[in-house]
2 protein chains.
Amino acid sequence: MKRPPPSALEQAVVVDLTAVIVGVSDDQPKVLVLPRRGGTGPLEALPSGPLQLRHRTLEAGLRAWVEAQTGASLGYVEQLYTFGDQDRAAEPGGARRVLSIGYLALTRAAASPAPGETEWRDWYRYFPWEDWRQGRPAVLGRLERGLRRWVTAARAGAERGARSERVRLAFGLDGAAWSDERVLDRYELLYEIGLVAEAMRQGVAGALAVDRTKLAAQPMAADHRRILATAIARLRSKIKYRPVVFELMAPTFTFLQLQRAVETLAGVRLHKQNFRRLVSQRGLVEETGSIVTGTGGRPARELRYRQEAILERPAPGVRLPAVRGE
Amino acid sequence: MKRPPPSALEQAVVVDLTAVIVGVSDDQPKVLVLPRRGGTGPLEALPSGPLQLRHRTLEAGLRAWVEAQTGASLGYVEQLYTFGDQDRAAEPGGARRVLSIGYLALTRAAASPAPGETEWRDWYRYFPWEDWRQGRPAVLGRLERGLRRWVTAARAGAERGARSERVRLAFGLDGAAWSDERVLDRYELLYEIGLVAEAMRQGVAGALAVDRTKLAAQPMAADHRRILATAIARLRSKIKYRPVVFELMAPTFTFLQLQRAVETLAGVRLHKQNFRRLVSQRGLVEETGSIVTGTGGRPARELRYRQEAILERPAPGVRLPAVRGE
DNA sequence: CTCTCTTATACTCATCTTGAGCATTTCTGA
DNA sequence: TCAGAAATGCTCAAGATGAGTATAAGAGAG
């Protein structure tokens, strides 16, 4: 076994625990950020901190940091991904390797003012092309030009074909469908091409020399926008097969409020009657018996989440055509 | 911001990259293991090695280790999860914290003999209760007794109710449906109760004092069985919405071979005609034009995977009831 | 007090998609 | 030549979905 003695080639490692704390308010998806942090310049950052000896588990460490930095304690938490590219998240000075473990946390607290020095920010501020609720977002036009320039910059042939397919799939061009879940694919592609500010900071080879002000959307510190993209992608995917939306809702709500929350996260509009049918058929909610007025129209029935829901069915998900015994 | 000076409370960290390399042969799901490794006793381990300075990315580090330990180079690779519980994967001596990042790799090579000192092992050897292809596995009977004992060991009331629900859901008892994807839930529950050997090693509080030979199935080194459970769960889930099976198939195959591969991974039997309909409707395969004889019956058409498949549709997945403009 | 706007709810309907089988076809081996 | 084992083709009844149409019932404007 070619296993060298430990420590021979190893490197000092700092493990950074980073949280994407999501909430919904005013029909907008919100994420908790630290507006700026000493040293990193005027960039917004996600709450994070290094793993320490006293943290028994990674998740415990994350919860401790978030509590220290925001005063809020987290409910639903889920690990997302561990990033560790040497050239995308080096420590200033580059002495130690930085590993960042990203987490997604869901909270109902976005309606209240953000605690401490934090702010709730609309996540589409960082990813304006992801919001299709009002139809195709305008930014996409500008991005598309940059993307096509990158495709044609390749010599015709295999490389160009590959680039073209990648762009087509990620951004739903030339007849391909837009997929709300490819948030990370899109961000990574833009990074690679050099269309986001983070790429310029890290000096990506071939980064387009575009005026900073024209670079796509609001950047974040370190690789935090990448982690946020991962979180959005995961949440958009999960919302379709697990009842996670309810983690973001008040204890009681109406069908429309629930629908708006889902639309907000998925970035698309849904068909009202069918959404209602879907939710009630799945048995995910039950009526409280009360009626909510002031909806701007006919009063709505008040609903609450049915805890027992998950217990009953094996949780939707795409099923395989199983058979009993054959 | 309560961010202490770096290094104050930090701990030396070793990052271990661990690979679950999966293949299918003889209608069995195989995983590549190192039969035993010096120091860790007679336990089987997954290929793994520490992250080093020379590894530009985590995935590159993993590939390098696997190549060094097995001589094989990996194709499809996907990060699974990062484990870092202090009490489940301490270094011998406990001086440094061990973080293990698990990866899932898929290969067509399982048909060939395992390279180097490695062995291909049927994964149901470690999780016999996960194989429902021949109907409900017999081990479940024995496990069920242990599970129910744990439930009734709690004082009646909230705690007992919670335990009961957890067992019911994870193992599909008392009317709940068995879900092929809850592999990790099941393993974690067994660990917690003390029904797997790993729990005894780590001295889980309240681990049932059961004769070692009766503990559920074959254990592995460190937390490798936990990582394997994560891999199986992920693969079983992914197979339903991404065409990953093809990474495990030979370049050409028949419908039945494809079906057997899926059954092997999912651990269930499928309805032949419906499986065929599903696969062909999705446009995932195309006929090569050849015919395969020696199938034991009527000859079958030879198929190959259609690369273009993914490009066309937005990849199945459960859809939300979207609407155009409203 | 009535009319208009807006949202909430009820239903309908034509398609698709699924789960289960039955019926044929075509090799291999006894 | 026949039985057995697959491979393929089709059918059918339920359900799930996508798109609407039709009412019902507050809030405000006038």
Side-chain angles (χ1 to χ4, degrees), chain A residues 27 177 180 240-241 252-263 266 268-304 312-326, chain B residues 27 177 180 240-241 252-263 266 268-304 312-326:
Chain A
D27 289 346
D180 62 318
K240 290 172 197 145
Y241 61 95
T252 64
F253 46 84
T254 67
F255 270 118
L256 189 58
Q257 286 167 347
L258 184 62
Q259 183 180 341
R260 291 287 179 243
V262 173
E263 290 177 334
V268 295
R269 288 215 148 280
L270 304 176
H271 182 285
K272 193 194 278 195
Q273 298 90 324
N274 290 347
F275 177 81
R276 152 188 294 265
R277 179 176 60 186
L278 192 80
V279 173
S280 39
Q281 272 184 355
R282 291 255 194 281
L284 294 174
V285 297
E286 62 188 0
E287 302 181 8
T288 64
S290 308
I291 295 242
V292 181
T293 57
T295 56
R298 173 174 169 177
R301 303 185 183 169
E302 193 180 60
L303 307 173
R304 77 165 74 92
E312 287 160 14
R313 49 195 76 222
V318 187
R319 58 248 113 172
L320 296 169
V323 80
R324 285 185 298 277
E326 190 173 20
Chain B
D27 290 345
D180 62 318
K240 290 172 197 145
Y241 61 95
T252 64
F253 46 84
T254 66
F255 270 118
L256 189 58
Q257 287 167 346
L258 184 62
Q259 183 181 340
R260 291 285 179 245
V262 173
E263 290 177 335
V268 295
R269 290 216 146 278
L270 304 177
H271 182 284
K272 194 195 278 196
Q273 297 93 321
N274 291 347
F275 178 79
R276 153 187 294 266
R277 178 176 62 187
L278 191 80
V279 173
S280 39
Q281 272 182 356
R282 291 255 193 281
L284 293 174
V285 297
E286 62 190 359
E287 302 181 6
T288 64
S290 308
I291 295 245
V292 182
T293 57
T295 54
R298 174 173 169 178
R301 300 184 186 171
E302 193 180 61
L303 307 173
R304 77 165 74 93
E312 288 159 12
R313 51 194 75 223
V318 187
R319 57 249 114 172
L320 295 170
V323 81
R324 283 185 300 276
E326 188 173 25

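In what follows, chains are A, B, ... by sequence order, proteins preceding strands, each numbered from 1. Atom set for the values below is all heavy atoms of this structure, side chains included, hydrogens, waters and symmetry mates excluded.
- In this entry the distance linking CG of B:Leu256 with P of D:dA5 reads 14 Å, nearest Å.
- Atom P of nucleotide C:dT7 and atom CZ of A:Phe275 are separated by 16 Å, given to the nearest angstrom.
- Distance A:Gln281 CD to D:dT17 P: 7 Å, rounded to the nearest Å.
- In this structure, A:Thr254 and A:Leu303 approach most closely via the heavy-atom pair C-CD1, 4.1 Å.
- Applying the salt bridge (charged side-chain N to carboxylate O under 4.0 Å, His left out) criterion to A:Arg301, with sequence neighbours excluded, gives A:Glu287.
- With sequence neighbours left out, the salt bridge (charged side-chain N to carboxylate O under 4.0 Å, His left out) criterion links A:Arg276 to no other residue.
- Using five terminal pairs a side, the axes of the helix from C:dC1-D:dG30 to C:dA30-D:dT1 at its two ends make an angle of 0°, given in steps of 10 degrees.
- The nearest pair of heavy atoms linking B:Ala266 to B:Asp180 is O-CB, 3.7 Å.
- Between the C1' atom of D:dA5 and the CD atom of B:Gln259 lies a distance of 14 Å, rounded to the nearest Å.
- When rounded to the nearest whole Å, the span between CZ of B:Arg269 and C1' of D:dA6 equals 14 Å.
- With sequence neighbours left out, the side chain to side chain donor-acceptor pair (under 3.5 Å) criterion links B:Arg298 to no other residue.
- Residues A:Arg260 and A:Arg269 form a side-chain contact, since some pair of their non-hydrogen atoms from C-beta on lies under 4.5 Å apart.
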Could I get a table of every N or O pair under 3.5 Å where one atom is in the protein and the other is in nucleotides 10-12 of chain C?
residue, atom, partner, partner atom, Å
C:dA10, OP1, A:Arg301, NH1, 3.3
C:dA10, OP1, A:Arg301, NH2, 2.8

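- At a non-hydrogen distance threshold of 4.0 Å, A:Gly296 from residues 286-296 of chain A come into contact with DNA chain D.
- The shortest heavy-atom contact between A:Lys272 and A:Leu256 is CE-CD1, 4.1 Å.
- Applying the side-chain contact (heavy atoms from CB on, under 4.5 Å) criterion to B:Thr288, with sequence neighbours excluded, gives B:Thr252, B:Ser290, B:Glu302, B:Arg304.
- The distance from atom NE2 of A:His271 to atom C1' of C:dT7 is 15 Å, rounded to the nearest whole Å.
- Applying the ring pair (Phe, Tyr, Trp, His ring centres under 6.0 Å) rule to B:Phe253 yields the partners B:Phe246; only residues at least two apart in sequence or on another chain are considered.
- At D:dA6, none of the side-chain N or O atoms of B:Lys272 fall inside 4.0 Å of OP1 or OP2 (strictly under the cut-off).
- Regarding B:Leu258, its CG atom lies at a distance of 13 Å from the P atom of D:dT8, rounded to whole Å.
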Would A:Leu258 and A:Val279 count as a side-chain contact (heavy atoms from CB on, under 4.5 Å) if you check the C-alpha gap in whole Å, the side-chain angles of each, and the deciding distance to 0.1 Å? CA-CA 9 Å; A:Leu258 184 62; A:Val279 173; 4.0 Å; yes

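- The nearest whole Å value for the distance from the CZ atom in B:Phe255 to the C1' atom in D:dT8 is 10 Å.
- Taking the side chain to side chain donor-acceptor pair (under 3.5 Å) definition, one finds that B:Thr295 meets it with nothing, sequence neighbours left out.
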